[in-house]
Structure formats: structure tokens, C-alpha cells
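Step one of this worksheet: look at the structure below.
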Number of protein chains: 2
Amino acid sequence: MKRKRLESGGWRVGSVAEFLGLSEDEAVFVELKLALSSELRDRRQEQGLSQVELAKRLGSSQSRVAKMEASDPSVSVDLLIRGLLAAGATKNDIAGAIVRRRRKRSARGAARGNFL
Amino acid sequence: MKRKRLESGGWRVGSVAEFLGLSEDEAVFVELKLALSSELRDRRQEQGLSQVELAKRLGSSQSRVAKMEASDPSVSVDLLIRGLLAAGATKNDIAGAIVRRRRKRSARGAARGNFL
DNA sequence: TGCGCGTATGTCAGATAGGACATATCAGGG
DNA sequence: CCCTGATATGTCCTATCTGACATACGCGCA
């Protein structure tokens, strides 16, 4: 497959985190934040909420919600979790988001009603 | 049971969070932190690590590790998660700790090797 | 009693996160 | 073309977090 070909060509293939030279733990930590971010976006959109509305529930601002969903470095896991709870997620939902293997967004997925 | 008797006596019975008058989301959030804290302590002890040793791995100090395990308000979820990763936990372990229903420490549990 | 080890607690200066605001981009109407 | 609503991006100032340090506590041991 593609990975093999690239590696035999002298490339190291891996996650963004690896590329940036992060330790294993740091890599997992970043993955985790990414998972929470995208779960937040999905949930918010499923609820038909705008960033402004979610921000209000959270007692925060639209720009911060945007940063949360973009996994901006200035956003903590704490805030992401509070955001998820404000978006109606339960502890189980959060745990699920952490564990769930993320895959590229498929046309099928989009058609299934995600993405608005 | 005891709960019934207390309630009929005019007491409202519930979690510490409820007692403090926190919102539902805030309550879930502190539960979550408590879950991570105690998972951290358990893991560290299972690994036979002292707080000092874990602190070194984390690039932190013994006092902060103590606060993490005590779920001190000055400790963020971010730090707890980094601590767990440093203590060898995986994403699955973390998700598990979040979901797991916590129960009082039983004599059986202690005898099974926890608590050193 | 004194000592060593592990843990708990309080404090504080420096680092980081977060709310607020301004501004930019983009998609639909009209 | 100009609105309007939704989202993105950058900056500022303050609030919170964090590592470090000092100190206290508890316990086993000699």
C-alpha cells in the first residue's frame, strides 16, 4: 500500500504529532484533544446550534468556540469538556469520543446527516 | 434504606456537587475530575511509583502530584490526563475511568492488592 | 527519640488559558 | 452589489494554572 511505498522511498510516515517530533504521550494527548474538538463540532451542529448560541450557554464567546472546534493551542481539555457538556454530551459520550477511532469524513458519513 | 429515612426527615440527599449548588454540567465535570484523580492514584500505586517519581516523569513536582490525586481545585483536567499518560494509561484507560461507576472502596477491593 | 521516606498543604512568581473585541471571510438572499 | 448570519483569526488584559519550595504530617525502624 501507499505507506510502504513512501517509506521505501525514504519517507517516515505517521501522524502529525510524530512529524512535529512530539513524545508518544504528547502525541496521544493531542489526538485526544482533536477527538474532543471534532466531537464538539459534530454535537453542536446536530443540535442545530450556532457558535454564538453555544458560547452563550457556556458563558463564553463565539471566537472561543471557533477556537475550540479548531483545536487551537490556547484551548484546554477542560474547556472542551465543558463545551461538550453544554452541547448536551454525557460522560459516556465524552469517553466514546476519546476512544472512537477517527476516520476521514466519508461521503456516506456526510449523507447520513452529519455536516448539518 | 438510609436515603429514604433521611429524605422523609426533610433532608435532600445527593452528591457533594449537588450540595454545593452546582449546575448539572458542573456536577458532571467535577465527577469526571474525581474519576481521573483516583484513577491516577490507583495507576501510580499499581506501578509502584512514588509521587516524586511520577512527578519527575511528568516534569512536575511531588506537591503537584499530591494535589492531582487530591483533585485540588488548582488542577486542570489537562494535567490529570498528562499525569495518567505518564503513569502508563492509554486513551482507553482514560475513557474507562471516565465511564466507570465509582463505588466506595471495599475491604475486598483493598485485599485484592490495591492500596499498595 | 531521632531518622528516612512518602505524602499533604500553603504560598508565590511566572506561564498559560479564556473572555471580549475587532476584523475578515464566506454563503445566501434580495 | 449590499445585507445578514455564521464562522475564522488575531490581539489584549486578566484570571487561572503550574512548578518550585518550604514545611508539616504519618509511619516504620533502630
Side-chain angles (χ1 to χ4, degrees), chain A residues 20 22-23 25-26 29-30 32-88 105 110 113-116, chain B residues 16 20 22-23 25-26 29-30 32-34 36-88 105 110 113-116:
Chain A
L20 294 173
L22 303 177
S23 79
D25 284 359
E26 288 166 333
F29 188 71
V30 174
L32 202 147
K33 283 180 58 166
L34 285 174
L36 295 177
S37 300
S38 72
E39 177 74 8
L40 177 62
R41 163 151 296 173
D42 290 350
R43 277 202 107 69
R44 178 179 61 78
Q45 292 181 330
E46 273 167 21
Q47 314 270 316
L49 294 173
S50 69
Q51 294 183 341
V52 173
E53 294 171 306
L54 180 57
K56 190 163 303 178
R57 287 197 196 181
L58 246 172
S60 181
S61 59
Q62 178 270 325
S63 58
R64 195 127 294 278
V65 174
K67 284 173 224 261
M68 290 185 221
E69 295 183 353
S71 221
D72 184 281
S74 79
V75 172
S76 70
V77 172
D78 294 62
L79 189 58
L80 286 172
I81 289 179
R82 280 193 261 109
L84 281 165
L85 294 176
R105 226 163 219 304
N114 313 341
F115 263 152
L116 219 212
Chain B
V16 177
L20 295 173
L22 303 179
S23 78
D25 284 359
E26 287 166 332
F29 188 73
V30 300
L32 201 147
K33 283 181 55 165
L34 285 173
L36 295 177
S37 300
S38 72
E39 176 75 8
L40 176 62
R41 165 153 295 174
D42 290 350
R43 273 201 171 277
R44 177 179 63 79
Q45 292 180 331
E46 273 167 22
Q47 314 271 316
L49 294 172
S50 69
Q51 293 183 341
V52 173
E53 294 171 306
L54 180 57
K56 189 163 306 179
R57 288 197 194 182
L58 245 173
S60 181
S61 59
Q62 177 269 324
S63 58
R64 195 128 295 274
V65 173
K67 283 169 219 233
M68 291 186 224
E69 295 184 353
S71 220
D72 184 281
S74 80
V75 172
S76 69
V77 172
D78 294 63
L79 189 59
L80 286 171
I81 290 180
R82 279 192 263 109
L84 281 165
L85 294 176
R105 226 166 221 302
N114 314 339
F115 264 150
L116 216 202

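Residue B/Leu54 contributes atom CG, which lies 13 Å from atom C1' of C/dT7 at whole-angstrom precision. Atom C1' of nucleotide C/dT9 and atom CD of B/Glu69 are separated by 14 Å, given to the nearest angstrom. With rounding to whole Å, A/Leu49 atom CG is found 15 Å from D/dG5 atom C1'. Look at CD on B/Gln51: it is 16 Å from P on D/dT18, rounded to the nearest Å. Distance, B/Met68 CE to C/dA8 P: 12 Å, rounded to whole Å. A/Asp72 has its CG atom 17 Å from the P atom of D/dT7, to the nearest Å.
Once rounded to the nearest 0.5 Å, the distance linking OG of A/Ser38 with CZ of A/Arg41 reads 9.5 Å.
No side-chain N or O of A/Ser23 forms a donor-acceptor pair with one of A/Asp25 less than 3.5 Å apart. For the 3.5 Å distance criterion, the side chains of A/Glu69 and A/Gln51 qualify, holding a donor opposite an acceptor.
When each of A/Glu53 and B/Ser61 is assigned the nucleotide of DNA chain D bearing its nearest heavy atom, the one mapping closer to the 5' terminus is A/Glu53.
Between B/Leu32 and A/Leu85 the shortest side-chain heavy-atom distance does not fall below 4.5 Å. Counting only heavy atoms from C-beta outward, the side chains of A/Leu58 and A/Arg64 never approach each other to under 4.5 Å. Contact of the A/Met68 side chain with the A/Leu36 side chain is not registered, since no non-hydrogen atoms from C-beta on lie closer than 4.5 Å. Using a 4.5 Å cut-off on side-chain heavy atoms (C-beta onward), B/Leu49 and B/Arg57 make contact.
Between A/Ala87 and A/Leu40, the closest heavy-atom pair is CB-CD1, 4.2 Å. Taking both residues in full, the closest heavy atoms of B/Ser71 and B/Ser37 are given as OG-OG, 2.9 Å, listed atom of the first, atom of the second, then distance.
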For nucleotides 13-15 of chain D, tabulate all protein N/O to nucleotide N/O atom pairs closer than 3.5 Å, reporting atom names and distance.
none

Hey, what are the protein-to-nucleotides 16-18 of chain C N/O distances that come in under 3.5 Å?
{"unit_1": "C/dG18", "atom_1": "OP1", "unit_2": "A/Ser76", "atom_2": "OG", "d": "2.5"}
{"unit_1": "C/dG18", "atom_1": "OP2", "unit_2": "A/Ser74", "atom_2": "O", "d": "2.9"}
{"unit_1": "C/dG18", "atom_1": "OP2", "unit_2": "A/Ser76", "atom_2": "N", "d": "3.0"}
{"unit_1": "C/dG18", "atom_1": "N7", "unit_2": "A/Arg64", "atom_2": "NH2", "d": "3.3"}

Practice prompt. List the steps and the verdict of side chain to side chain contact (heavy atoms under 4.5 Å, CB included) for A/Leu79 and A/Lys67.
Written response: CA-CA 11 Å; A/Leu79 189 58; A/Lys67 284 173 224 261; over 6 Å; no

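Here D/dA8 is the nucleotide among C/dT7, D/dC21, D/dA8 with the atom lying nearest to any side-chain atom of A/Ala66.
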Worksheet entry | Base versus backbone protein contacts along nucleotides 23-29 of chain C [heavy-atom cut-off under 4.0 Å; B, S, -] | -------

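Under 3.5 Å, the side chain of A/Lys67 and the base of D/dG10 form at least one donor-acceptor pair of N or O atoms.
Residue B/Glu39 forms a side chain to side chain contact (heavy atoms under 4.5 Å, CB included) with just one option from B/Leu34, B/Leu84, B/Leu80, and that option is B/Leu84.
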